[in-house]
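Have a look at the structure below, then the notes.
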Amino acid sequence: MSASAALSPVTADDLAEAVRLAAGVLAQAPPDAWERPAGTLEWTCWETAEHLADDLFAYAAQLGAAEPSTPAEPGEVPFLWESRRPGGPANAVHADRSAGPAGLLRVLRASGALLVAVVRTAPPEALAHHVFGASDPEGFAAMGVVETLVHTHDMAEGLGLAWTPPAGLCDRVLGRLFPDVPADADPWPALLWATGRAELPGRPRLSTWRWYGEPRR
């Protein structure tokens, strides 16, 4: 993580770029590959794409429901999240299977656009609930970027696609959400390590992890 990353804000444009790049890579997948496991997850690539879309939708809903003049809301906006099978992700967002992979990626892009729009328009001092601590629009943008980058990594492994996001994008979200990441590590491997997906030299793969979305003042 570069020294400037901690001072460089994560923006709605960063989130829009992450979703655009992810959807572009995933569009290259063979149509019959989406039922393969997504990397080391217990979900299929289709389920993981739905989960990612659901994450982005849920962040948009949570931040959009925040009252700028009051502390963070006490809990999640109470949408109904449910799994379609035992062990599958519990989502409020599900893609119509009859629309195929192209429809699935439209759902992903639409959910991403919702969060981009809410991040752009929310008061910068707004706070909204998250299980890791109340966060502001920049924090939700950063969380959305991380979800997009690492879950695209999961899907790319299952779909047989190459995926290496821009180092600067990884650097900025590391600076915003992961203060304990080694400063001398390359940003993309460091982000995979920070989210329990890879080892770093001298540092084993994490079995538990979290980010820190609280506002940086």
Between [X] and [Y], what is the shortest heavy-atom contact and its length?
X	Y	result
Leu104	Ala49	CD2-CB, 3.7 Å
Thr48	Ala38	OG1-CB, 3.2 Å
Gly75	Gln62	O-NE2, 2.9 Å
Leu161	Val25	CD1-O, 3.3 Å
Asp55	Glu147	OD2-OE1, 3.0 Å
Phe79	Ala61	CE1-CB, 3.6 Å

Approximate separation, where rounding is to 0.5 Å, of [X] [atom1] and [Y] [atom2]:
X	Y	atom1	atom2	answer
Leu169	Leu149	CG	CG	5.0 Å
Leu115	Leu63	CG	CG	7.5 Å
Glu138	Arg176	CD	CZ	4.5 Å
Thr164	Asp186	OG1	CG	11.5 Å
Thr152	Met155	OG1	CE	4.5 Å
Glu214	Ser135	CD	OG	7.0 Å

Flag yes if [X] and [Y] sit in one hydrophobic cluster, no otherwise; membership is Ile, Leu, Val, Met, Phe, Trp, Tyr, and two members link when side-chain heavy atoms are under 4.5 Å apart.
X	Y	value
Trp188	Leu174	yes
Leu108	Trp81	no
Tyr59	Phe132	yes
Val131	Val146	yes
Leu52	Trp43	no

Can you confirm whether [X] sits close enough to [Y] that some side-chain heavy atom of one is under 4.5 Å from a side-chain heavy atom of the other?
X	Y	answer
Phe57	Val93	yes
Glu199	Arg203	no
Trp163	Leu21	yes
Leu200	Pro189	yes

With a 3.5 Å distance limit and no angle check, can you tell me whether [X] reaches the backbone of [Y] through a side-chain donor-acceptor pair?
X	Y	result
Glu50	Ala95	yes
Ser83	Gly88	yes
Asp136	Gly139	yes
Arg106	Ala102	no
Arg109	Arg20	no
Trp46	Arg97	no
Asp96	Ser98	yes
Glu76	His129	no
Asn91	Asp54	no

(Q) Tell me if the CZ atom of Arg84 is crowded by more than 12 foreign heavy atoms within 6.0 Å. (A) no
Q: Check step by step if side chain to side chain contact (heavy atoms under 4.5 Å, CB included) holds for Thr40 and Arg205.
A: CA-CA 13 Å; Thr40 59; Arg205 181 171 175 170; 3.4 Å; yes
Q. Can you say whether the rings of Trp209 and Phe178 are parallel (under 30°), tilted (30 to 60°) or perpendicular (over 60°)?
A. tilted
Q: Output yes when Arg120 and Asp13 qualify as a salt bridge under the 4.0 Å nitrogen-oxygen rule, no when they do not.
A: yes
**Q.** Arg36/Glu47 ion pair, N-O < 4.0 Å
**A.** no
Which atom pairs, one a donor and one an acceptor, fall under 3.5 Å between side chains of residues 190-197 and the rest of the protein, sequence neighbours left out?
| residue | atom | partner | partner atom | Å |
| --- | --- | --- | --- | --- |
| Trp193 | NE1 | Pro204 | O | 3.0 |
| Thr195 | OG1 | Leu191 | O | 2.9 |
| Thr195 | OG1 | Leu192 | O | 3.3 |
| Arg197 | NE | Asp154 | OD1 | 2.9 |
| Arg197 | NE | Asp154 | OD2 | 3.4 |
| Arg197 | NH1 | Thr195 | O | 3.0 |
| Arg197 | NH2 | Asp154 | OD2 | 2.9 |

Q) What do the steps show when you test Leu41 against His151 for side chain to side chain contact (heavy atoms under 4.5 Å, CB included), and what is the final call? A) CA-CA 10 Å; Leu41 302 183; His151 281 312; 4.1 Å; yes
Q) Hey, mind stepping through Leu114 and Leu56 against side chain to side chain contact (heavy atoms under 4.5 Å, CB included) and telling me if it holds? A) CA-CA 8 Å; Leu114 288 174; Leu56 300 174; over 6 Å; no
Q: Take His130 and Trp211 through the ring-ring contact (aromatic ring centres under 6.0 Å, His included) test and state the conclusion after the steps.
A: CA-CA 11 Å; His130 188 276; Trp211 56 53; 5.7 Å; yes
